[in-house]
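Starting from 1, each residue takes its place in the sequence as its number. All of these numbers come straight from a predicted model, not from anything done at the bench.
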Amino acid sequence: MKLRIRYFASLRETLGKSQEEVETTANTVGELRNQLLAQGGAYLCLERGKAVRMALSQVMVQEDAALTDNAELAFFPPVTGG
């Protein structure tokens, strides 16, 4: 399946890109995150234990959320207000 991945704030800066399109056989957000982490390098900014939030088609999700073809997945750090 094909997905558009978007990166925001410090993740965008670390990865040096705001978005990318990927082909994947991952079924869940967590499986796709594993696929990205396996690439190493800058993608390690997505490691578990780091403050990273995820939204699938603009809805906040957890790692067990099912992926669908042509969906948009966003990764971003938590946002604080003030």
Side-chain angles (χ1 to χ4, degrees):
M1 90 180 64
K2 189 176 191 178
L3 298 171
R4 171 182 271 168
I5 304 175
R6 297 188 55 160
Y7 305 103
F8 292 92
S10 60
L11 301 177
R12 176 184 60 227
E13 293 169 15
T14 300
L15 289 164
K17 55 186 160 188
S18 62
Q19 65 183 14
E20 65 181 312
E21 290 192 8
V22 298
E23 287 284 337
T24 185
T25 59
N27 294 308
T28 66
V29 170
E31 289 175 11
L32 180 63
R33 191 174 183 179
N34 289 340
Q35 180 181 325
L36 294 170
L37 287 168
Q39 294 181 54
Y43 286 100
L44 295 179
C45 68
L46 301 173
E47 279 186 313
R48 288 167 181 84
K50 295 190 177 188
V52 175
R53 304 287 187 255
M54 298 155 292
L56 185 59
S57 299
Q58 300 183 3
V59 175
M60 297 293 293
V61 295
Q62 299 296 318
E63 290 201 6
D64 61 351
L67 296 172
T68 58
D69 195 33
N70 294 312
E72 177 184 86
L73 177 63
F75 289 99
F76 52 94
V79 178
T80 59

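- Distance CD/Gln62 to OG1/Thr28: 12.0 Å, rounded to 0.5 Å.
- Hydrophobic clustering (side-chain heavy atoms under 4.5 Å, transitive across Ile, Leu, Val, Met, Phe, Trp, Tyr) keeps Phe76 apart from Val22.
- Taking CD from Gln58 and CG from Leu73, the interatomic distance works out to 12.0 Å, rounded to the nearest 0.5 Å.
- A continuous path of Ile, Leu, Val, Met, Phe, Trp and Tyr side chains, each step under 4.5 Å between heavy atoms, connects Val52 with Leu32, placing both in one hydrophobic cluster.
- Smallest separation of non-hydrogen atoms from Cys45 and Thr14: CB-CG2, 3.9 Å.
- Of all non-hydrogen atoms in Arg33 and Glu47, the two that sit nearest each other are NH2-O, 3.2 Å.
- Shortest non-hydrogen contact noted between Ala26 and Met1 is O-CE, 3.5 Å.
- Counting only distance, with no hydrogens or angles, the side chain of Arg6 and the backbone of Glu72 share no donor-acceptor pair below 3.5 Å.
- Within the model, atoms CD of Gln19 and CZ of Phe8 stand 8.5 Å from one another, a figure rounded to the nearest 0.5 Å.
- Using bins of under 30°, 30° to 60° and over 60° for the plane-to-plane angle, the ring pair Tyr7/Tyr43 lands in the perpendicular bin.
- Atom NZ of Lys2 is separated from atom OG1 of Thr24 by 13.5 Å, given to the nearest 0.5 angstrom.
- Put simply, CD on Gln35 and CD1 on Ile5 are 7.5 Å apart, with the number rounded to the nearest 0.5 Å.
- In plain terms, the two heavy atoms of Leu56 and Ala66 that are nearest each other are CD2-O, 3.2 Å.
- Residues Pro78 and Ala51 approach most closely at CD-O, 3.3 Å, considering heavy atoms.
- A distance of 9.0 Å separates CD of Glu23 from CD of Glu21, quoted to the nearest 0.5 Å.
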Check against side-chain contact (heavy atoms from CB on, under 4.5 Å), Leu44 and Leu37: CA-CA 6 Å; Leu44 295 179; Leu37 287 168; 4.3 Å; yes
